[in-house]
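Only a predicted model underlies this, so the values are computations on that prediction, with no experimental measurement involved. Excluded from the calculations below are hydrogen atoms, water molecules and symmetry mates; all remaining heavy atoms, backbone and side chain alike, are included. Within every chain, numbering begins at 1; the chains are lettered A, B, ... in the order of the sequence lines, protein sequences first and strands thereafter.
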2 protein chains.
Amino acid sequence: MDQVFHALSDATRRNMLNSLAGGERTVSQLAEPFAMSLAAASKHIKALEHAGLIRREVRGRTHVCRLEARPLATAYQWLAQYSRFWNSRLDVLEQLLREERKTPAARTTPAPAKPESSKPESPKPESSRPTSSRPTSSEGEDQ
Amino acid sequence: MDQVFHALSDATRRNMLNSLAGGERTVSQLAEPFAMSLAAASKHIKALEHAGLIRREVRGRTHVCRLEARPLATAYQWLAQYSRFWNSRLDVLEQLLREERKTPAARTTPAPAKPESSKPESPKPESSRPTSSRPTSSEGEDQ
DNA sequence: CTCTAATTCAACCATGTAGTTGAATATAGA
DNA sequence: TCTATATTCAACTACATGGTTGAATTAGAG
């Protein structure tokens, strides 16, 4: 897990994964978009491999890499633990409730000039589905 | 994003987030489970803060930390890009198909697969629903 | 005001990371 | 066989990380 998140913490490596999502790539193909030596790219690839995120097949003199997504699923599931903190619009409300528990009185008076007046709808916190928000561009560069 | 994944790449910090999922924690409370100096724990906390994963409120002489989940959602969504590689039982089949496309003949003969387009492209975001992800225990240790 | 608790700061050390360059290895192809 | 291509290896530099210790800062409490 450490290895996986560490591998993901570098934009070069994330871009390489993006590239691999489009199919198999050789080392030089993976390295081509980046302004660095092949040796440097090779190290990045090794980091990805070490994290179990890619698999390498040596075909003659070229090394063909392919995405190995399972560790990403593990990371994804780890993050899903926290989905209740963002995937209902209740995050703010939940916060309020947490404070409420410590301060049982008050809060009954309307319009307390507080931020948000969100409707407490469908209290289904679970499901861990990615929020309807946009798929984070993912185009070309990776912010 | 670099910061977020980097913050997540350390088990100490992941455990701290786990702790924060249970509510607000002071610096010493966060540090307590770990066999390291307070100064070291403080640095970890600063890393989490720098990644935007926690918010700190100074209450008197204690610093109270709370989880800030939005960046986790971003990371989650980034990973969701790749869900198509694991969240159908088709991952293996998909794999086979990819090879099939290059080897229109029979899969029985060891054919010389040709590499495909060399331009890195981004994956299709697709549905990005978690397979059946259960919130990975979250008990005590973090594998 | 003084003592103590909560936390950071500064300096330091060992190790890891990301990059470089140049040489080594191995294979495809003329 | 000779040569060009694909890739790694080794050595080196610069800087980040994760940890230490001891002193500094700030605020609650007597």
Any chance you could lay out the side chain to side chain contact (heavy atoms under 4.5 Å, CB included) test for B:Arg59 and B:Glu24, step after step, and finish with the verdict? CA-CA 12 Å; B:Arg59 288 216 267 262; B:Glu24 298 181 343; 2.9 Å; yes
List the steps, then state whether side chain to side chain contact (heavy atoms under 4.5 Å, CB included) holds for B:Val4 with A:Leu8. CA-CA 9 Å; B:Val4 173; A:Leu8 295 179; over 6 Å; no
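Taking every side-chain heavy atom of A:Lys46 into account, D:dC9 is the closest of C:dT8, D:dA6, D:dC9.
For A:Ile45 and C:dT17, the CD1 to P distance is 17 Å, given to the nearest whole Å. D:dT17 atom C1' lies 15 Å from atom CG of B:Asp2, rounded to whole Å. Spacing between atom CG of A:Leu30 and atom P of D:dT8 amounts to 10 Å, rounded to whole angstrom units. Rounded to whole Å, the distance from NE2 on A:His6 to P on D:dA16 is 14 Å. In this structure, the CG atom of A:Asp10 is 14 Å from the P atom of D:dA16, given to the nearest Å. Across the protein-nucleic acid pair, B:Phe34 atom CZ and D:dG18 atom C1' stand 14 Å apart, rounded to whole Å. Between A:Glu57 atom CD and D:dA6 atom C1' there is a gap of 15 Å when expressed in whole angstrom units. Separating the NE2 atom of B:His44 from the P atom of D:dA16 is a distance of 18 Å, rounded to the nearest angstrom.
OP1 or OP2 of D:dA6 has not a single side-chain nitrogen or oxygen of A:His63 nearer than 4.0 Å. Between A:Ser42 and D:dT8, a side-chain N or O to OP1/OP2 separation shorter than 4.0 Å is present.
Using cut-offs of 30° and 60° for the angle between ring planes, the B:Tyr76 and A:Tyr76 rings count as parallel.
Applying the side chain to side chain contact (heavy atoms under 4.5 Å, CB included) test to A:Ala39 and every residue at least two apart in sequence or in another chain returns A:Ser37. Applying the side-chain hydrogen bond (donor to acceptor under 3.5 Å, both in side chains) criterion to B:Thr12, with sequence neighbours excluded, gives B:Asp10. Applying the side chain to side chain contact (heavy atoms under 4.5 Å, CB included) test to B:Arg55 and every residue at least two apart in sequence or in another chain returns B:Arg66, B:Glu68.
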Please tabulate, one pair per line, all N/O donor-acceptor pairs under 3.5 Å involving side-chain atoms of residues 44-52 of chain B, not counting sequence neighbours.
from	atom 1	to	atom 2	distance (Å)
B:His44	ND1	B:Arg13	NH1	3.1
B:Glu49	OE1	B:Arg56	NE	3.3
B:Glu49	OE1	B:Arg56	NH2	2.8
B:Glu49	OE2	B:Arg56	NE	3.1
B:His50	ND1	B:Gln3	NE2	3.0

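Looking at heavy-atom distances under 4.0 Å, B:Thr12 makes no contact with the nucleic acid at all.
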Quick one, give me the B/S/- string for nucleotides 20-30 of chain C, reading 5' to 3', where B means a protein heavy atom under 4.0 Å from the base and S means that only happens at the primed atoms, P, OP1 or OP2. BB-----BS--
